[in-house]
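Keep in mind that this is a model prediction, so the values were computed, not measured. Just follow the structure's listing: the first ligand is 1, and inside any ligand the first atom is 1.
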Amino acid sequence: MSKKTVNDLSSSDLQGKRVLVRADFNVPVDDQGKITDDTRIRAALPTIQNLTSKGAKVILCSHFGRPKGADDKLRLTPVAERLSEVLGQSVVKCDDCIGDEVAAKVSAMNNGDVILLENVRFYPEEEKNDPEFAKKLASIADLYVNDAFGTAHRAHASTEGVTHYLSPSVAGLLVEKELQYLQNAIENPQRPLAAIVGGSKVSSKIGVIDTLLDKVDYLLMGGGMIFTFYKARGLNVGKSLVEEDKLELAKTLEAKAKERGVALLLPTDVVVADNFSPDANAQTVSIENIPDGWMGLDIGPDSIKVFQDALNQCKSVIWNGPMGVFEFDKFAAGTEAIARTLADLTPKGTTTIIGGGDSVAAVEKVGLASQMSHISTGGGASLELLEGKELPGIAALDEA
Ligand SMILES: Nc1ncnc2c1ncn2[C@@H]1O[C@H](COP(=O)(O)OP(=O)(O)OP(=O)(O)O)[C@@H](O)[C@H]1O
Ligand SMILES: O=C(O)[C@H](O)COP(=O)(O)O
């Protein structure tokens with residue numbers, strides 16, 4: 001990575017220094033506000049520990065959800081509690097992210113202490129990347145570390161704005177690791193390289209499919225987006241999800257794959273349902289025989305076999321988006337089979353990368369997360385990185 005990281009900062013750079021650390025603690029919670037997955041909290045530990053071990057005072061900040069102004073349901077209090085547990089050290093929680101209370105708590109800090117500011121999105125200025133707000137946030141610290149990979153695609157005050165007021169501004173270890181895996185996988189992969197793209201919308205994945213066609217040897221497609229491709233080929237897709245305005249684009253992408261010599265694998269059979277529900281009637285049909293009134297909700301067993309054969313040839317695999325409606329058990333087989341295939345490939349030396357969001361949830365649901373080479377903590381951020389877009393939260397950091 002061409003950016004400075006916390007590893008470039010020595011104890012003498014950090015001893016007694018107040019370090020503003022942007023983390024992504026936007027964790028999933030249940031109806032009672034209980035954290036259901038603390039992956040993002042644990043992922044921030046290496047950077048926090050790196051800094052505290054060098055005598056820094058660590059001032060953490062993050063967003064949580066998408067509040068419109070202050071919202072008691074979106075306070076970071078449960079995060080501070082969980083962080084204290086996993087860090088094995090008390091984390092003082094502030095009730096605001098700027099102002100007198102914060103300043104007082106920061107000035108009472110000892111070297112090696114950790115505090116967590118309140119949700120930065122309680123101020124609309126955060127998402128507007130307001131310079132005055134960024135200045136206030138920056139005013140309590142001496143230097144800045146961005147470790148919020150999941151939010152690196154947002155140019156907000158706490159991810160981009162503060163870098164104009166704090167120097168040095170460097171990357172954290174999570175950001176470094178994410179970039180290493182995701183950038184390497186796409187720029188410098190061991191080949192053959194396969195990408196598996198699923199999920200529900202062609203429109204949200206066009207950018208990534210287009211970029212991937214320049215890079216990969218195999219492109220495997222599943223999820224709801226395949227029906228737009230079938231319809232573009234003139235097949236009957238029943239009530240399956242189709243983006244009518246993307247039919248031409250689907251044709252173009254198929255043509256591009258051919259032109260570039262990429263093996264574009266679309267499923268040859270699908271599991272169809274008579275309605276969109278967990279207990280719908282289901283049957284497996286070839287893609288030429290989707291009955292009127294039925295909708296495709298998973299890839300079928302023949303396709304799974306073809307996908308597995310292709311993946312077994314590969315040395316690197318990037319996966320973004322589930323193969324079917326994995327939230328319903330009847331339509332989870334395709335996604336689970338792909339997850340198991342990747343889990344088996346990792347120990348054989350294939351690099352397996354899961355690109356965030358729903359695919360991570362799917363891999364976690366089947367308990368295979370620990371068997372992948374890398375699970376990204378960023379959904380949107382990993383997608384934008386794979387698309388080749390610049391991430392503003394990273395672009396703003398100091399060059400190495
Ligand atoms: N055949 C299908 N028909 C309708 N919805 C589907 C189908 N296959 C998958 N889905 C749904 O797609 C959703 C995920 O789609 P989306 O495009 O949002 O992916 P994503 O969240 O961007 O994936 P990721 O976060 O991994 O990038 C899942 O909730 C899944 O149930
Ligand atoms: O969960 C995420 O993808 C990140 O935390 C970014 O959140 P946002 O989409 O609300 O900006």
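- No donor-acceptor contact under 3.5 angstrom links the side chains of Asp344 and Thr341, judged on distance only.
- Around ligand 1, the residues contributing at least one heavy atom under 4.0 Å from the ligand are Gly199, Ser200, Lys201, Lys205, Gly223, Gly224, Phe227, Gly296, Leu297, Asn320, Gly321, Pro322, Gly324, Val325, Glu327, Gly356, Gly357, Asp358, Ser359.
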Could you pull out every N or O of ligand 2 that sits under 3.5 Å from a protein N or O, with the distance for each pair?
residue: ligand 2; atom: 1 (O); partner: Asn26; partner atom: ND2; Å: 3.1
residue: ligand 2; atom: 1 (O); partner: Arg40; partner atom: NH1; Å: 3.0
residue: ligand 2; atom: 1 (O); partner: Arg40; partner atom: NH2; Å: 3.3
residue: ligand 2; atom: 5 (O); partner: Asp24; partner atom: OD1; Å: 3.3
residue: ligand 2; atom: 5 (O); partner: Asp24; partner atom: OD2; Å: 2.8
residue: ligand 2; atom: 5 (O); partner: Asn26; partner atom: ND2; Å: 3.0
residue: ligand 2; atom: 5 (O); partner: Arg40; partner atom: NH1; Å: 3.3
residue: ligand 2; atom: 5 (O); partner: His63; partner atom: NE2; Å: 3.1
residue: ligand 2; atom: 7 (O); partner: His63; partner atom: NE2; Å: 3.3
residue: ligand 2; atom: 9 (O); partner: Arg66; partner atom: NH2; Å: 2.6
residue: ligand 2; atom: 9 (O); partner: Arg154; partner atom: NH2; Å: 2.8
residue: ligand 2; atom: 10 (O); partner: Arg66; partner atom: NE; Å: 2.7
residue: ligand 2; atom: 10 (O); partner: Arg66; partner atom: NH2; Å: 3.3
residue: ligand 2; atom: 10 (O); partner: Arg121; partner atom: NH1; Å: 2.9
residue: ligand 2; atom: 11 (O); partner: Arg121; partner atom: NH2; Å: 2.8
residue: ligand 2; atom: 11 (O); partner: Arg154; partner atom: NE; Å: 2.6
residue: ligand 2; atom: 11 (O); partner: Arg154; partner atom: NH2; Å: 3.4

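- Side-chain contact of Ser359 with Asn320: a donor-acceptor pair under 3.5 Å is absent, judged by distance alone.
- Judged by distance alone, the side chains of His63 and Glu127 never bring a donor and an acceptor atom under 3.5 Å apart.
- Checking Glu243 against Ser203 by side-chain atom types alone, a donor-acceptor pair falls below 3.5 Å.
- A donor-acceptor pair is defined here as one N or O able to donate and one able to accept, closer than 3.5 Å; no such pair exists between the side chain of Ser376 and the backbone of Ile354.
- Side-chain polar atoms of Asn289 and Ser286 form a donor-acceptor pair below 3.5 angstrom.
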### Task
Check step by step if side chain to side chain contact (heavy atoms under 4.5 Å, CB included) holds for Glu101 and Cys94.
CA-CA 7 Å; Glu101 181 235 0; Cys94 299; 3.9 Å; yes
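- Looking at Ser373 and Thr352, their side chains do bring a donor and an acceptor atom within 3.5 Å of each other.
- More than 12 heavy-atom neighbours from other residues, nucleotides or ligands sit within 6.0 angstrom of CG on Asp245.
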